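This report refers to the structure that appears directly beneath it.
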Amino acid sequence: MSLTPSPAVAEKVTPQTLLAHKRAGTAFTALTAYDYPTARLADDAGIDLLLVGDSLAMAVLGHADTLSVTVAEMIHHAKAVRRGTQRALLVVDMPFGSYHVSIEDTLRNAIRIVKESGAEAVKLEGGTTQTANIRALTAAQIPVVAHIGLTPQSLHAMGGYKVQGRTQAAALQLADDALALQAAGAIAIVLEGIPRELAAHITSLVTIPTIGIGAGPDTDAQVLVVHDLLQLTFTPPAKFVRPFADAGTLIREALANYRTAVSARTFPADAESYHAPSLNLQTEHLTTR
Ligand code: KIV
């Protein structure tokens, strides 16, 4: 049996690839995906890390926050993303409640996510409180991406979606969290909604990659919710979102054009219809004979 990887596999993004980016000082790109077509487009575009985020709840399922999404729903969408992803590292969020009960329960849920969806890593939110979970998952050979700062699953505890780490004490706590998460075995840390100065400091403090969202330009990588990037949202975007395209307007126009064409009977045209010229439809119908 040959152990030489095929060219496609050699290009596959792994946790080691992300680490190599950190060491080389080259930025990598992460993006959320929740379905097959988005995954294929993102993978073809060379996005390095695809995250089936629990933002699924808001971006796709229409919930007000991320709290209600279940392990089964995450797996359902992650399977579709898996089918569309060849090169990118596939990371799946552990939803709220799936890693808060006990280490045993965390392991059971993470193993289920990996086995059923094909995830290559899981992500969970929290700082020093999560180090025992991360140690256990890492010991079970499941790579873990950590997530600190504005952690949406802590919505109620934070009193809303508020930028974190603005006071000296809070900033030092987040820096300590980052070091603890690294020591516990995290392969990368998402830094969300923190001042850019703090994100830059944490990025220089740790030897694992940081992935920023609303954390300024000095992290090792950036991540965005794909629906924000494409303007497929129904609320004003956060300050940190740059809309790279207006798919919302494009879709609205396409749907209005479709409706107009159907109403005007200009769709479908003859060229969009099937033909069977040899049919003799002048004969009486079978049932009336
Ligand atoms: O769920 C999510 O989409 C996320 C990020 C954007 C980091 O956690």
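Atoms within each ligand, like the ligands themselves, are counted from 1 in listed order. None of the values given here were measured: they were computed from a predicted structure.
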Can you tell me which portion of Leu224 lies within the under-4.0 Å heavy-atom range of ligand 1? Options are side chain, backbone, both, or neither. neither

Report the part of Ile213 in contact with ligand 1, treating N, CA, C, O as backbone and CB onward as side chain, heavy atoms under 4.0 Å; options are side chain, backbone, both, neither. side chain

Has ligand 1 got any nitrogen or oxygen that is less than 3.5 angstrom from a nitrogen or oxygen of [X]?
| X | result |
| --- | --- |
| Lys123 | yes |
| Glu125 | no |
| Tyr34 | no |
| Glu192 | no |

Checking side chain to side chain contact (heavy atoms under 4.5 Å, CB included) for the pair Asp218/Thr203: CA distance, chi angles, key distance, verdict? CA-CA 8 Å; Asp218 301 315; Thr203 299; 5.8 Å; no

Would a distance-only check, ignoring hydrogens and angles, find a side-chain to backbone donor-acceptor pair under 3.5 Å from Asp220 to Phe28? no

Polar side-chain atom of His147 near backbone of Val190 as donor-acceptor pair, under 3.5 Å: no

Pair Arg108 + Asp105, salt bridge at N-O below 4.0 Å: yes

Give a yes or no on whether a salt bridge exists between Arg166 and Glu197, defined as a side-chain N under 4.0 angstrom from a carboxylate O. no

Do His275 and Asp270 have side chains that approach each other closer than 4.5 Å (heavy atoms only, starting at C-beta)? yes

Could you list the atoms of ligand 1 found under 4.0 angstrom from a heavy atom of Val225? 3 (O), 6 (C)

